K.L.:
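Mind looking over this structure? Questions follow.
The structure displayed is predicted, hence computed values, not measured ones.
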Amino acid sequence: MDAEWVISASIASGQSMLGDDTGKWLLIALGGLTIAYTLFRPAFRKKDPLDKRQPLFGSNLARQRQVESQMNLLLVELSAMARQISAQLDTRAAKLEQLIHEADEKIAELKALTANADGRPAFRPPMRLARTDPEPDERHAEIYRLADDGRCAQDIAQATDRPKGEVELILALRARS
């Protein structure tokens with residue numbers, strides 16, 4: 001800017017620094033460079049990647065058509081996938097029905113094999129035997145005796161030098177048996 005001011009000041013005063021013709025051409029060249037700089041300055045600026053201005057008419061229509069074609073492709077893929085899954089389900093259902101039918105046939109065979117002449121099944125489930133109480137463990141006899149005397153688990157644990165949790169477990173297992 002200082003050079004422009006000096007040139008414009010020398011022109012205004014009517015004095016040429018290098019001569020009349022040279023000064024005019026220098027002034028014209030400087031003016032041309034200034035105009036070129038002003039015109040091309042926006043092209044040299046670093047562009048903001050977030051500043052995406054798009055035309056209003058053409059690109060929106062093209063984008064809509066592109067989205068529509070993508071949606072159509074997705075619908076075709078989804079329908080193909082649905083047909084495939086349906087076929088797999090039908091196949092599995094048929095296999096399951098076949099297995100059920102085979103199981104029913106085997107059950108009928110077993111009933112026929114186990115039936116007596118009078119029609120009652122020959123197979124009888126084993127009877128449960130009466131449960132006998134096991135004899136008390138000698139290691140727990142003292143805990144059982146103290147519990148029968150009416151003492152609490154804390155007192156029994158202190159008297160036998162065993163943890164309270166162990167005494168409670170032994171008493172709980174005794175109650176179940």
Side-chain angles (χ1 to χ4, degrees), residues 1-4 28-137 139-140 143-144 147 152-154 156-157 162-177:
M1 290 307 242
D2 292 332
E4 290 177 15
I28 291 172
L30 186 61
L33 287 174
T34 306
I35 291 172
Y37 176 74
T38 307
L39 290 176
F40 293 116
R41 182 173 172 214
F44 294 124
R45 283 189 190 163
K46 191 172 187 179
K47 294 183 181 177
D48 186 12
L50 298 177
D51 185 25
K52 294 184 179 179
R53 295 184 185 131
Q54 299 172 352
L56 296 176
F57 301 110
S59 69
N60 284 341
L61 185 60
R63 186 178 304 137
Q64 286 176 353
R65 286 184 182 159
Q66 183 182 11
V67 168
E68 184 179 345
S69 66
Q70 288 175 353
M71 293 296 281
N72 286 335
L73 288 174
L74 284 174
L75 287 174
V76 169
E77 287 179 18
L78 283 176
S79 64
M81 192 181 303
R83 275 188 256 121
Q84 181 183 7
I85 290 173
S86 177
Q88 288 176 352
L89 286 175
D90 289 343
T91 304
R92 289 181 182 178
K95 286 181 182 178
L96 186 59
E97 287 179 16
Q98 182 181 2
L99 289 173
I100 290 172
H101 181 68
E102 289 175 7
D104 288 340
E105 288 176 354
K106 289 187 181 192
I107 289 173
E109 286 179 28
L110 283 174
K111 284 182 180 179
L113 290 174
T114 57
N116 279 340
D118 59 354
R120 289 184 295 156
F123 175 76
R124 292 190 182 113
M127 294 176 27
R128 289 188 169 178
L129 300 174
R131 188 171 159 180
T132 58
D133 289 335
E135 296 198 18
D137 192 357
R139 296 174 292 168
H140 307 307
I143 293 174
Y144 294 150
C152 68
Q154 182 69 32
I156 296 172
R162 290 189 172 183
K164 179 182 173 188
E166 181 182 350
V167 170
E168 289 174 347
L169 178 65
I170 292 169
L171 293 176
L173 290 174
R174 179 186 184 198
R176 287 188 183 173
S177 63

K.L.:
What is the distance from atom CD of Q84 to atom CE of M81, rounded to the nearest 0.5 Å?
P.N.:
7.5 Å
K.L.:
Any donor-acceptor pair under 3.5 Å linking the side-chain atoms of E105 with those of H101?
P.N.:
yes
K.L.:
Could you list the residues that satisfy salt bridge (charged side-chain N to carboxylate O under 4.0 Å, His left out) with K111, not counting sequence neighbours?
P.N.:
none
K.L.:
If I take atom CD from residue E168 and atom CD from residue Q154, how far apart are they, to the nearest 0.5 angstrom?
P.N.:
8.5 Å
K.L.:
Please identify each residue that fulfils side chain to side chain contact (heavy atoms under 4.5 Å, CB included) with E102, with sequence neighbours left out.
P.N.:
Q98, L99
K.L.:
Heavy atoms, side chains only, cut-off 4.5 Å: are H140 and L173 in contact?
P.N.:
no
K.L.:
Are T91 and K95 close enough that some pair of their side-chain heavy atoms sits under 4.5 Å apart?
P.N.:
yes
K.L.:
Quick one: side chain to side chain contact (heavy atoms under 4.5 Å, CB included) partners of I100, sequence neighbours excluded?
P.N.:
L96, D104
K.L.:
Report yes if the side chains of I156 and I170 come closer than 4.5 Å at any heavy-atom pair, otherwise no.
P.N.:
no
K.L.:
Keeping the roles fixed (side chain from S86, backbone from A82), state whether a donor-acceptor pair exists under 3.5 Å.
P.N.:
no
K.L.:
Within this structure, what is the CG-CD1 distance for the pair L33 and I28, rounded to the nearest 0.5 Å?
P.N.:
12.0 Å
K.L.:
Hey, could you give me the OG1/CD distance between T114 and E109, rounded to the nearest 0.5 Å?
P.N.:
11.5 Å
K.L.:
Rounded to the nearest 0.5 Å, how far does CG of L113 lie from NZ of K106?
P.N.:
12.5 Å
